[in-house]
Amino acid sequence: MRPISLRSPAKLNLYLKVIGKRPDGYHELKTIFERIDLFDDIRLTATPSGRIRIVCDHPQVPKGPQNLVYKVAAMLKKDFGITQGVEVRIRKRIPVAAGLAGGSSNAATVLSGLNRLWRLGLDRNGLVDYACKVGSDVAFFLYDCPWGLGTGRGEVIRRLDLTVKLWHVLVVPKVRMLTPKVYGAMNLKLTKFGDDVSILTRYLGQNDVRKVGSLLFNDLEAPIALLKPNLLKIKENIQALDVAGTAFSGSGPSIFSVVESKKKADRIAAILKRRYSQVFVVRTL
Ligand code: C5P
């Protein structure tokens with residue numbers, strides 16, 4: 001079989017409500033996922049060696065069993081008795097460990113890709129079962145949709161039937177955030193009661209960028225600010241520019257804004273690039 005080339009996109013969370021802690025240690029969530037046009041390129045090549053080989057020139061990407069892509073390939077290989085190996089080439093553009101789910105997206109892309117390459121015949125439910133074994137954010141990328149509502153630990157996905165395409169300025173501060181630490185630093189008693197997700201979804205449906213911006217929400221902001229107070233200052237500095245709203249994505253440190261047009265996004269990005277090294281203009285994909 002010929003090599004398969006795939007795009008692996010990043011996500012933002014426009015809304016992330018932490019509902020409570022579960023007996024399994026994860027947190028119950030309600031979140032709006034948005035797929036964005038910042039993506040890694042992945043190339044899968046079947047090899048006769050039987051080995052799983054990850055090739056990536058990014059120094060922070062593990063090449064062995066800690067990599068979610070490796071985990072996915074190893075599980076499928078074992079469960080389906082595949083004797084072939086695979087070489088996975090990853091060209092990284094999505095910042096690593098940034099709250100953008102780059103690693104989870106790569107895992108989902110490789111899961112669907114190996115389903116084709118190794119002709120496994122898994123349907124989406126079968127793929128989702130594997131996705132949940134490697135991470136909470138993986139399942140969203142198996143749904144071919146730009147918008148999804150995630151519940152459970154984030155892995156139960158309902159497509160949101162929205163056509164809106166938003167422009168964002170994305171700033172990725174060079175700070176390391178460990179997701180378990182961020183969840184661990186949450187004080188569940190302090191999370192806001194109430195649920196604005198249906199109002200935000202309605203504004204998304206109406207393409208009302210200003211109102212969407214005003215309702216961006218992330219319960220992980222408090223623990224992020226507790227662990228890295230400087231990130232909150234960066235967020236406030238961005239919010240002071242002419243943007244409709246600003247929020248952290250996932251457990252950070254990525255901070256994104258919603259803006260009305262590409263022109264405005266480019267103008268704001270030019271200002272932010274003088275202060276921060278990783279600034280992107282991105283759009284709903
Ligand atoms: O599922 P994933 O491996 O991405 O999660 C990383 C860590 O983030 C988990 O081990 C857990 O500490 C925390 N987490 C959580 N609740 C979620 C998702 C993640 O507590 N819904």
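Every number for a ligand or one of its atoms is a count from 1 in the order of the listing. We use all heavy atoms of the structure for the numbers below, so side chains are in, but hydrogens, waters and symmetry mates are not.
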Between ligand 1 and Leu29, can you find any atom pair, the residue atom being a heavy atom, that is separated by under 4.0 Å?
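For ligand 1, residue contact (heavy atoms, under 4.0 Å) with Leu29 is present.
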Please check if the number of heavy atoms outside Asn187 that lie under 6.0 Å from its CG is greater than 12.
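Yes - once you tally the heavy atoms of other residues, nucleotides and ligands closer than 6.0 Å, there are more than 12.
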Sequence-distant partners of Ser214, side-chain hydrogen bond (donor to acceptor under 3.5 Å, both in side chains), two or more places apart
none
How far is [atom] from its nearest protein heavy atom, and which residue and atom is that?
atom	value
atom 19 (C) of ligand 1	Tyr183 CE1, 3.6 Å
atom 1 (O) of ligand 1	Ser136 OG, 2.5 Å
atom 3 (O) of ligand 1	Gly135 CA, 4.1 Å

Answer yes or no: is there an ion pair linking Lys264 with Asp242, defined by an N-O contact shorter than 4.0 Å?
yes
So does Asp40 pair up with Lys92, basic N to acidic O under 4.0 Å?
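Yes, Asp40 and Lys92 are salt-bridged.
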Side chains of Asn237 and Lys235, donor plus acceptor under 3.5 Å:
no
Quick one: does NZ or CZ of Arg35 land under 6.0 Å from the six-membered ring centre of Phe140, within 45 degrees of the ring axis?
no
Enumerated ligand 1 atoms positioned under 4.0 Å from heavy atoms of His27:
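Once the distances to His27 are compared, the set is 15 (C), 16 (N), 17 (C), 20 (O), 21 (N).
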Heavy-atom nearest option to atom 6 (C) of ligand 1, drawn from Val138, Thr179, Asp137
Thr179
Taking heavy atoms and a distance under 4.0 Å, where does Tyr26 meet ligand 1: side chain, backbone, both or neither?
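The answer is both, backbone and side chain.
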